[in-house]
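For reference, the structure discussed in these notes is given below.
The shown structure was predicted, so the numbers you read here are calculated from the model rather than taken from an experiment. Counting from 1, the numbers follow the sequence of the chain as shown.
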Amino acid sequence: GVVAIAAGRHHFLALKFTGEVVQWGSSGSGVESPPKSGVVGISAAGGQNVALRADGSLVAWSYESSAPFVIPAEADTGVAAIVLGENHGIA
């Protein structure tokens, strides 16, 4: 039931057809949990993750204990696609 995958520095994400995101990896503390529903796109880089929800909003969380990725307010509505780099993101 996986429709997309993404890889960070030491972790992976899988997006299921149900809209749930699953994460796993060899290091990191799973500081925050991934979204459990409503997701249509994922991206990962470094220890950070971003999910695109069906309504065009974004949710970010950290796999490692680094500071979370901050989403600017103007990028949190009407988004159609996302991609993360090591220290940046594009929506």
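Among residues two or more places apart in sequence or in another chain, the side chain to side chain contact (heavy atoms under 4.5 Å, CB included) test is passed with Ala7 by Phe12. Considering only residues two or more places apart in sequence or on other chains, Pro34 meets the side chain to side chain contact (heavy atoms under 4.5 Å, CB included) condition with Val21, Gln23, Trp61. The side chain to side chain contact (heavy atoms under 4.5 Å, CB included) test applied to Ala45 returns Leu84, not counting sequence neighbours. Annotation: side chain to side chain contact (heavy atoms under 4.5 Å, CB included) contacts of Lys36 (sequence neighbours excluded): Glu20. With sequence neighbours left out, Ser37 forms a side chain to side chain donor-acceptor pair (under 3.5 Å) with no residue at all.
Smallest separation of non-hydrogen atoms from Gln48 and His11: O-NE2, 4.1 Å. Heavy atoms only, all atoms of each residue included: Leu52 and Ala80 are closest at CD2-O, 3.4 Å. Pairing each heavy atom of Ala44 with each of Ala6, the nearest pair is N-CB, 3.9 Å.
At a threshold of 4.5 Å between non-hydrogen side-chain atoms, the residues Arg53 and Leu58 do not count as touching.
Judged as a salt bridge (charged side-chain N to carboxylate O under 4.0 Å, His left out), the pairs with a partner in residues 82-91 (not counting sequence neighbours) are, in order, Arg9-Glu86.
Linking Ile, Leu, Val, Met, Phe, Trp and Tyr whenever their side-chain heavy atoms come within less than 4.5 Å puts Phe17 and Leu15 in one cluster. Ile5 and Trp24 fall into different hydrophobic clusters, where Ile, Leu, Val, Met, Phe, Trp and Tyr are joined by side-chain heavy atoms under 4.5 Å apart, directly or via other members.
Between the CG atom of Leu13 and the CD1 atom of Ile42 there is a distance of 5.0 Å, given to the nearest 0.5 Å.
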- side-chain contact (heavy atoms from CB on, under 4.5 Å) between Ile90 and Ile82, intermediate numbers included: CA-CA 6 Å; Ile90 300 171; Ile82 54 174; over 6 Å; no
